[in-house]
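Position 1 is the first residue of the sequence, and the numbers go up from there.
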Amino acid sequence: MKGHLIIIEGGDGSGKATQTELLRRHLADDGEFVKAVSYPDYDSESSALVKMYLRGDFGTDADTINPYAASAFYAVDRIASYELKWKRFFKDGGIVLADRYTTSNMLYQMIKIPGKADQDAYLDWLWDFEFKKLGLPEPDAVILLDVPLEVTERLMSERTGKTGGTTGDIHEKDREFLRKCHAAYVGLAAKYGWYKIDCTREGVLRSPGAIHEDVYALVKGLI
């Protein structure tokens, strides 16, 4: 009996980890069979190439790094996590909550590619590669934590790096890259039918608890 795979997506600093954990706790309190995972899986050896990529070992300009190669780094990390950590749980009917997934590759790597036709070709390739060739489960729902660009930029200016250093990874360092990401989320959400949660009111970030109530209500209606 296949379970449910719910993805929590959003830009850097949007609160994905917080909302994933709040949702996990709430569903567990409801008696649901639930597990949370996060990507990249920084605690696993499978994320070694991802760490090298984000640290800038292959180049410090994100736009110049081959999007297909970068996508493969992340895909290998995901398939290792799936096979070792949650495949049986999912197939036994569990609810899996993922902080990022293939959906992040769709966004971060697609925007490196000029031209809509080539971007669409990349998205088709990625879908086939991860969900058909590798056999990763397709998401049942993707929840986008929507934060206005100006708020995201403010949050990122206060953030320290996850992969070493004090100024963030090669994506976080590039403000133009963040702006392109934000614009592209709109198209991806429309193309793939993602759900959107507004995380601000009049330019002010809502409390984690208030955002969680919206996320929880949405997910309870889906499972």
Side-chain angles (χ1 to χ4, degrees), residues 4-42 54 62 94-108 110-111 139-163 166-169 171-223:
H4 296 277
L5 176 59
I6 309 294
I7 313 304
I8 306 296
E9 261 300 344
D12 288 306
S14 60
K16 295 180 297 299
T18 297
Q19 292 305 319
T20 302
E21 178 58 15
L22 289 173
L23 182 59
R24 186 198 66 77
R25 291 179 188 174
H26 203 156
L27 292 175
D29 288 344
D30 289 346
E32 299 285 0
F33 193 41
V34 61
K35 174 189 284 285
V37 296
S38 177
Y39 296 105
D41 186 1
Y42 288 118
L54 292 176
I95 300 169
V96 177
L97 310 176
D99 169 2
R100 294 202 186 276
Y101 196 58
T102 306
T103 45
S104 286
N105 262 11
M106 289 174 175
L107 185 282
Y108 280 101
M110 179 196 76
I111 62 173
D140 293 292
V142 179
I143 299 172
L144 175 64
L145 302 177
D146 187 35
V147 180
L149 177 61
E150 60 272 18
V151 178
T152 298
E153 289 183 319
R154 186 175 72 242
L155 291 171
M156 293 313 300
S157 69
E158 301 166 354
R159 183 174 178 175
T160 57
K162 300 184 299 292
T163 56
T166 58
T167 56
D169 63 40
H171 293 161
E172 296 166 1
K173 291 176 181 176
D174 189 337
R175 293 308 185 217
E176 178 59 26
F177 198 83
L178 289 177
R179 285 189 282 273
K180 288 162 63 178
C181 284
H182 193 274
Y185 269 133
V186 176
L188 287 171
K191 179 180 178 69
Y192 293 103
W194 296 355
Y195 298 93
K196 186 174 75 169
I197 299 292
D198 292 325
C199 295
T200 61
R201 289 288 185 271
E202 298 180 350
V204 178
L205 202 62
R206 298 168 65 202
S207 72
I211 296 168
H212 165 68
E213 289 303 320
D214 287 351
V215 172
Y216 174 75
L218 174 58
V219 170
K220 286 295 282 188
L222 296 172
I223 61 176

Does a side-chain N-to-carboxylate-O contact under 4.0 Å join E9 and R100?
yes

Sidechain N-carboxylate O distance under 4.0 Å for E32, R24:
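No.
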
Beyond-backbone contact of [X] with [Y], side-chain heavy atoms, under 4.5 angstrom:
| X | Y | answer |
| --- | --- | --- |
| I143 | L218 | yes |
| V219 | L27 | yes |
| L145 | V215 | yes |

Consider side chain to side chain contact (heavy atoms under 4.5 Å, CB included). Of L144, D146, L205, which one does C199 pass it with?
L205

Point-to-point distance, once rounded to the nearest 0.5 Å, from [atom1] of [X] to [atom2] of [Y]:
| X | Y | atom1 | atom2 | result |
| --- | --- | --- | --- | --- |
| T20 | I6 | OG1 | CD1 | 11.0 Å |
| Y216 | L22 | OH | CG | 12.5 Å |
| S38 | Y101 | OG | OH | 13.5 Å |

Side-chain donor-acceptor pairs under 3.5 Å in residues 186-193, sequence neighbours left out?
none

Check this for me: Y39, atom OH, are more than 12 non-hydrogen atoms of other residues, nucleotides or ligands nearer than 6.0 Å?
yes

A184: what forms a side-chain contact (heavy atoms from CB on, under 4.5 Å) with it, not counting sequence neighbours?
L107, M110, I111

Nearest atoms (heavy-atom pairs only) where Y195 meets A141
CE1-CB, 3.9 Å

Pairs satisfying side-chain hydrogen bond (donor to acceptor under 3.5 Å, both in side chains), at least one member in residues 196-212, at least two apart
H26-H212, R206-D214

Could you walk me through whether V147 and Y185 satisfy the side chain to side chain contact (heavy atoms under 4.5 Å, CB included) test, starting with their C-alpha distance in whole Å, then the side-chain angles of each, then the deciding distance to 0.1 Å, before giving a yes or no?
CA-CA 11 Å; V147 180; Y185 269 133; over 6 Å; no

Could you walk me through whether E21 and K16 pass the salt bridge (Lys or Arg N to Asp or Glu O under 4.0 Å) test, one step at a time?
CA-CA 9 Å; E21 178 58 15; K16 295 180 297 299; over 6 Å; no

Could you please spell out the steps behind the side chain to side chain contact (heavy atoms under 4.5 Å, CB included) verdict for I197 and I211?
CA-CA 8 Å; I197 299 292; I211 296 168; 4.1 Å; yes

